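A quick write-up on the structure given underneath.
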Number of protein chains: 2
Amino acid sequence: MKLTTKGRYAVNAMLDLALHNDKAPINLTDISARQDISLTYLEQLFSKLRKKGLVESIRGPGGGYRLALDADEITIMRVMYAVDEPIDVTRCGGQQNCMGDVRCLTHDLWLGLNRHIAEYLNGISLGEMVRMNNVKQVADRQDAIMLKDVTHMAATPSDATH
Amino acid sequence: MKLTTKGRYAVNAMLDLALHNDKAPINLTDISARQDISLTYLEQLFSKLRKKGLVESIRGPGGGYRLALDADEITIMRVMYAVDEPIDVTRCGGQQNCMGDVRCLTHDLWLGLNRHIAEYLNGISLGEMVRMNNVKQVADRQDAIMLKDVTHMAATPSDATH
DNA sequence: CTCTTTTCAGAGTAATTTAGTCAACTATAT
DNA sequence: ATATAGTTGACTAAATTACTCTGAAAAGAG
Ligand code: FES
Ligand code: FES
């Protein structure tokens with residue numbers, strides 16, 4: 001995965017799914033509202049997540065998405081990898097040829113950084129994050145805001161959910 | 001710093017400087033030849049490196065650049081930071097407001113990754129790299145190519161190493 | 001059967017960022 | 001003087017990112 005906002009969005013969305021992962025599938029419209037990500041963008045992301053086997057989809061009314069694996073099995077790395085190219089901070093892409101035909105002075109340095117980042121992102125799963133207090137707090141706040149939005153469906157100017 | 005080729009180039013160039021850091025200053029034309037980085041681009045990079053106090057410049061004939069600090073004092077982090085913006089994989093830039101006004105679910109996760117990357121890049125200095133065997137080998141090869149280029153200034157179409 | 005809700009697929013695009021060039025300048029050694 | 005080398009900042013082209021738009025197809029409800 002690369003370190004882009006795309007990957008961050010995907011992790012946010014997947015964490016939202018993990019937090020609301022009871023029996024009924026969650027539809028993207030809800031995630032869109034809670035995480036403030038456009039629906040069409042989410043569709044794009046979940047298409048990839050599904051193809052990588054991280055979520056399963058149920059179509060039609062009452063449908064939505066569900067985690068395809070246990071939340072503890074899904075590391076942040078896997079999520080980011082699913083939506084973005086693999087991270088690789090080397091310039092040569094592992095080919096050891098970024099200087100014409102031979103490797104540059106710093107090839108091994110970047111390789112080490114790759115490993116280091118991968119280690120961190122592989123060491124954290126959605127399950128662990130769900131159990132973290134600071135995450136829980138944010139999630140609760142988001143749910144509360146959602147409920148309020150539903151009760152008085154008033155005209156919030158920027159909000160185009162019709 | 002960000003993780004861009006700009007930063008990688010800067011590290012390569014600085015390492016070249018560290019490897020040839022004897023009495024005489026090194027001029028950018030040499031670094032350009034050895035590291036295969038355009039001279040004008042190097043000028044841009046070294047302008048920033050100088051402003052951050054990592055190198056010192058000597059103008060005029062026989063001039064060039066020299067490390068302004070001991071090679072062991074210069075971490076990879078400092079080099080990359082000098083030419084690129086500070087790394088920050090959070091979306092909010094530390095403002096905790098990337099979702100309208102409040103922080104998103106994953107703020108702390110990215111903060112942790114920031115720390116992790118910084119730790120790695122701060123833990124390695126140019127001095128350490130100079131003493132590494134694999135780096136030395138590449139450096140020797142680069143020096144050898146340079147000498148050959150100088151002796152028979154011939155037009156080797158693409159292949160210079162056989 | 002048909003209407004609505006949902007996912008699915010992929011093309012298309014606007015904005016931003018990156019990587020790199022160019023031109024004109026200043027300082028210094030010989 | 002003149003050649004060498006650094007200094008500066010504007011400029012540009014290419015690539016990437018972060019999306020949106022359009023139009024399906026599936027499935028359940030009535
Ligand atoms: S990064 Fe692999 S050869 Fe330079
Ligand atoms: S990354 Fe800081 S609030 Fe989302």
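Model, not experiment: these values are computed from the prediction.
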Polar side-chain atom of A/Arg8 near backbone of B/Thr106 as donor-acceptor pair, under 3.5 Å: no
Sugar-phosphate, base or nothing in reach of A/Ser38, heavy atoms under 4.0 Å: sugar-phosphate
D/dT17 phosphate, OP1 or OP2, under 4.0 Å from A/Tyr41 side-chain N/O: no
N/O (side chain, B/Thr40) to phosphate O (OP1/OP2, C/dC22) under 4.0 Å: no
B/Thr4 side chain near C/dA19 phosphate (N/O to OP1/OP2, under 4.0 Å): yes
Between C/dG10 (C1') and A/Phe46 (CZ): distance, integer Å: 19 Å
Separation of atom CZ in A/Arg50 from atom P in D/dA26, rounded to whole Å: 12 Å
Sugar-phosphate, base or nothing in reach of B/Lys51, heavy atoms under 4.0 Å: sugar-phosphate
B/Arg91 or B/Ile58, whichever maps to the more 5' nucleotide of DNA chain D: B/Ile58
Atom-pair distance (CD on B/Glu85; P on C/dA19), nearest Å: 13 Å
Minimum-distance nucleotide to B/Tyr65 side chain [options: C/dA19, C/dC8, D/dG6]: D/dG6
Residue whose closest nucleotide on DNA chain C lies nearer the 5' end, A/Ser47 versus A/Gly60: A/Gly60
Whole-Å gap separating P (D/dA18) and CG (A/Asn12): 13 Å
A/Leu45 CG - D/dT17 P separation (whole Å): 14 Å
Nucleotide D/dT22, atom P - distance to CD of A/Gln44 in whole Å: 16 Å
d(CG, A/Leu39; P, D/dC19) in whole Å: 14 Å
Nucleotide nearest B/Asn27 (side chain, heavy atoms from C-beta), chosen from C/dA29, D/dT20, D/dG6: D/dG6
Whether A/Arg66 side chain and A/Lys23 backbone form a donor-acceptor pair below 3.5 Å: yes
Residue A/Ser57, side-chain atoms from C-beta onward, closest of C/dA19, C/dT28, C/dC8: C/dC8
Whether A/Phe46 and A/Tyr65 hold their rings parallel, tilted or perpendicular, with breakpoints at 30° and 60°: tilted
Side chain to side chain, B/Lys48 and B/Lys6, heavy atoms closer than 4.5 Å: yes
Between C/dT6 (P) and A/Ile31 (CD1): distance, integer Å: 13 Å
Which residue lies more 5' along DNA chain D, comparing A/Glu43 with B/Arg59 via nearest heavy atoms: B/Arg59
Among D/dT4, D/dC19, C/dT5, the nucleotide that comes nearest once only the side chain of A/Pro61 is considered: C/dT5
Test item: A/His116 side-chain N/O and A/Gly112 main-chain N/O as donor-acceptor pair under 3.5 Å: no
